[in-house]
Amino acid sequence: MEKRSQFRTRSIAFVGLSVALLAVSAWITIPLGPVPFTMQTFVCTFLLLALSPSEALASLALYVVLGAIGLPLFSGMSGGIGRIMGPTGGFLWGFVLGGIALVGVLALAKRRSAAIEYLAAGAFLIVVYLAGWLQLAAVSGMGLEAAFLAGVAPFIVLDAIKIALAVPVARAVRHAVGNRRSPSPAKL
């Protein structure tokens, strides 16, 4: 019983620290048109691979919810429902959907390897891009091609580099602290 309580306390601490890490990664912002460059792709991928699925998804969801209610967690130290509903909001809620996709790919894999983790990270990024791209087009009035060229294309190489770095960092952290990932999606 005491060990379970310690595990829960540790999980809550990991989720809280993860939300803080996501906020800091959003505050490192370089404007590149309607969608800013941030370190969120790196941090999301890292968290999804380093934490248990429930901790990682809780972190992403809590980050989006806290930002949506107005805490200044998003890029430019902003927050509010207007950011979620605005042109770049699809990228934010896309983190949660992309996280579900990443966890799903890992759950389907018979064996976990670096190649599977890169594949899962790619699925995460595709879902984030799709959500962000479609909302950018819908809210801004841009056509699909213009929204893709403004909101996705400039980030593909940069995000691929962030993922290329996040996977080995997450693997190293998991190895250093012991593999804490749940063995099955039933524990989500």
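Only a predicted model underlies this, so the values are computations on that prediction, with no experimental measurement involved.
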- Hphob cluster co-occupancy, V15 + L21, side-chain heavy atoms under 4.5 angstrom: yes
- Heavy-atom closest pair, residues A26 and Q40: CB-NE2, 3.4 Å
- Say whether, by atom type as modelled, one donor and one acceptor occur between the side chain of S25 and the main chain of L22 under 3.5 angstrom. yes
- For V128, enumerate each residue passing the side chain to side chain contact (heavy atoms under 4.5 Å, CB included) test, keeping only those at least two apart in sequence or located in another chain. F91, F95, F124
- Query: Looking only at heavy atoms, which two atoms of E117 and V167 are closest? And how far apart?
  - Reply: OE1-CG1, 3.8 Å
- Message: Could you report the tightest heavy-atom contact between R111 and I116, atom names first, then the distance?
- Response: O-CG1, 3.6 Å
- Task: Would you check if P168 and Y118 make a side-chain contact, meaning some heavy-atom pair closer than 4.5 Å?
- Result: yes
- Query: Is there a side-chain contact between S75 and R83 (heavy atoms, below 4.5 Å)?
  - Reply: yes
- Consider only side-chain heavy atoms of I, L, V, M, F, W and Y, link residues closer than 4.5 Å, and tell whether L57 and V173 are in one cluster. yes
- Taking C-beta and beyond as the side chain, do L60 and L48 meet within less than 4.5 Å on heavy atoms? yes
- Distance from E55 atom CD to R10 atom CZ, nearest 0.5 Å? 8.5 Å
- Value for CZ (F37) from NZ (K162), rounded to nearest 0.5 Å, stands at 4.0 Å
- Any sub-3.5 Å donor-acceptor pair from Y63's side-chain atoms to L73's backbone N or O? yes
- Measuring from T41:OG1 to I163:CD1, what's the distance to the nearest 0.5 Å? 6.5 Å
- Heavy atoms of L144 and W133 approach each other most closely as O-NE1, 2.7 Å
- Residues G86 and V139: closest non-hydrogen pair is C-CG1, 3.8 Å
- Message: Hydrophobic cluster membership, with links at side-chain heavy-atom distances under 4.5 Å among I/L/V/M/F/W/Y: are W93 and M85 in one?
- Response: yes
- CZ of F14 to CG of L47, rounded to nearest 0.5 Å, is 11.0 Å
- Note on the structure: Between the CE atom in M39 and the CD1 atom in I28, the distance rounded to the nearest 0.5 Å is 6.5 Å
- Message: Looking at every heavy atom in both L51 and S18, which two are closest together, and how far apart are they?
- Response: CD1-OG, 3.3 Å
- Message: To the nearest 0.5 Å, what is the distance between CZ on F148 and CD1 on I156?
- Response: 4.0 Å
